[in-house]
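Since the model is a prediction, treat every value here as computed from it, not as a measurement. Basis for what follows: all heavy atoms, side chains included, without hydrogens, waters or symmetry-related copies.
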There are 2 protein chains.
Amino acid sequence: VVLARDLVMTYGEGDATVHALRGVSLSVDRGDYVAIMGSSGSGKSTLLNIIGCLDAPTSGTYELDGVDVGDLSDNDLTDLRNDKLGFVFQGFNLLRRTSAVRQVELPLAYAGVPRRERRPRALAMLEAVGLGERIDHLPTQLSGGQQQRVAVARALVTEPALLLADEPTGNLDSRSTDDLLGLFAQLNSDGRTIIVITHEDAVAAEAKRVLVLTDGEIVEDRRQAPV
Amino acid sequence: VVLARDLVMTYGEGDATVHALRGVSLSVDRGDYVAIMGSSGSGKSTLLNIIGCLDAPTSGTYELDGVDVGDLSDNDLTDLRNDKLGFVFQGFNLLRRTSAVRQVELPLAYAGVPRRERRPRALAMLEAVGLGERIDHLPTQLSGGQQQRVAVARALVTEPALLLADEPTGNLDSRSTDDLLGLFAQLNSDGRTIIVITHEDAVAAEAKRVLVLTDGEIVEDRRQAPV
Ligand SMILES: Nc1ncnc2c1ncn2[C@@H]1O[C@H](COP(=O)(O)OP(=O)(O)OP(=O)(O)O)[C@@H](O)[C@H]1O
Ligand SMILES: Nc1ncnc2c1ncn2[C@@H]1O[C@H](COP(=O)(O)OP(=O)(O)OP(=O)(O)O)[C@@H](O)[C@H]1O
Ligand SMILES: [Mg+2]
Ligand SMILES: [Mg+2]
């Protein structure tokens with residue numbers, strides 16, 4: 001479902017040049033559950049943003065479900081993302097003046113789900129991440145871990161074919177982490193593909209495959225469980 | 001150095017009332033190294049913000065170095081914070097249009113450190129957190145873990161009497177985490193007081209005392225090493 005070849009991402013020029021990705025090739029099959037690990041600054045978020053059609057690489061090609069993403073217009077890219085992807089951002093990226101339930105309803109609206117179905121589905125997902133009593137809170141009225149869980153609920157609510165999650169448990173205690181991993185496991189057993197960036201061994205242990213990035217390159221690729 | 005009595009923090013009214021702190025009393029001696037743990041939403045950041053003079057409780061008293069903080073004007077509070085505290089925010093709170101080195105110089109400027117001394121001290125701290133090659137980068141040009149490390153460097157650069165850190169390793173791999181814990185250990189062995197919120201056992205293991213919050217109350221308080 002994901003096919004990336006020779007992805008290069010370079011920022012800056014001259015002495016200030018940063019080689020964030022130095023030729024990364026990666027193929028992920030439908031139904032796989034991949035954990036991406038690596039030191040801070042090794043290129044993980046850069047790679048995930050390209051896979052999520054949020055950034056274009058400096059060079060290299062990327063196909064999502066057989067579609068060459070490099071050829072698409074911005075509108076087509078937006079449709080593709082809304083249709084197939086759920087993305088949990090490292091910085092959450094919540095809308096500042098929008099309540100938790102409205103944030104989680106938004107992807108359903110983009111997906112064309114009828115109005116009367118959106119609220120129940122959004123509420124169910126907030127319940128599943130333990131936020132059933134915070135549905136009308138704005139981000140400023142939520143703890144760090146609660147904001148992170150709203151971001152996760154928003155990414156999961158459309159039951160996306162491909163879930164991309166960047167450090168989804170960085171602000172969560174073990175109980176909230178377990179709840180989240182349970183949701184991911186359920187999504188994956190329904191046949192959805194998951195790619196999660198994490199620095200926590202407990203999260204990587206749940207994945208079927210682990211990739212390790214160092215300095216913009218994949219240095220390790222091991223399978224822990226069959227697809 | 002920290003003396004809090006019966007801290008209560010309540011948000012909202014009626015059915016929407018949230019009891020973030022339900023009467024927390026706490027005394028921390030100079031030179032102690034305290035880890036605060038607890039589930040997501042249990043009141044940890046709320047407590048740390050009061051200790052850091054960033055928020056006032058709904059009721060209760062708080063003394064920092066014998067000074068009753070509730071009596072102070074906003075200007076006096078600002079001076080007190082600049083003089084005694086280093087704060088690492090859960091959401092980093094970096095200035096969006098300011099380079100890493102300038103962000104870390106700022107607390108030195110507030111502390112009245114001569115201009116020619118600021119840059120070398122800021123550079124040394126950025127070096128210590130592994131960001132010597134990112135000094136001119138803006139936050140948008142830094143990875144999540146790099147932004148977190150700028151926030152830590154900024155909090156440490158004045159060698160504050162009291163370091164307050166909210167989830168300082170949430171986006172860091174084990175190597176960057178070890179570097180940070182090394183810096184904290186050094187600050188503490190110099191006699192400074194540290195209070196850190198964390199959900200990671202590896203971080204709590206380094207502390208001399210562990211407090212656990214549940215639902216706005218301290219439910220556990222154990223000493224792991226002498227002050
Ligand atoms: N402005 C606000 N209005 C209403 N409720 C609030 C507000 N700020 C915080 N809360 C609530 O207070 C509770 C405690 O929040 P706090 O940020 O202290 O939690 P925390 O222990 O730091 O959690 P985390 O581990 O997720 O960061 C949470 O349940 C949160 O929803
Ligand atoms: N706009 C930019 N300009 C210059 N350098 C950049 C820019 N964006 C990212 N970088 C650099 O690219 C490298 C890779 O960044 P990336 O965000 O992919 O790292 P990461 O593996 O996700 O790190 P972390 O674990 O800290 O989140 C970093 O060294 C970062 O400083
Ligand atoms: Mg990242
Ligand atoms: Mg918090």
If I measure from the heavy atoms of chain B, does [X] come under 4.5 Å with its side chain, its backbone, both, or neither?
X: Ser143(A); value: side chain
X: Ser39(A); value: both
X: Thr169(A); value: backbone
X: Glu167(A); value: side chain
X: Glu200(A); value: side chain

Above 12 or not: heavy atoms from other molecules or residues under 6.0 Å from [atom1] of [X]?
X: Arg175(B); atom1: CZ; result: no
X: Arg22(A); atom1: CZ; result: yes
X: Gln186(A); atom1: CD; result: no
X: Arg102(B); atom1: CZ; result: no

Can you tell me how far the CG atom of Leu142(A) sits from the OG atom of Ser45(B), to the nearest 0.5 Å? 12.0 Å
Counting heavy-atom pairs under 4.5 Å with chain A, the top scorer among Gln148(B), Met37(B), Arg149(B) is Arg149(B)
Spell out, as yes or no, whether a donor-acceptor pair under 3.5 Å connects the side chain of Asp173(B) to the backbone of His199(A). no
Give the member of Ser40(A), Gly145(A), Gly41(A) that has the highest number of heavy-atom pairs under 4.5 Å with chain B. Ser40(A)
Consider side chain to side chain contact (heavy atoms under 4.5 Å, CB included). Of Glu133(A), Gln141(A), Arg134(A), which one does Val18(B) pass it with? Arg134(A)
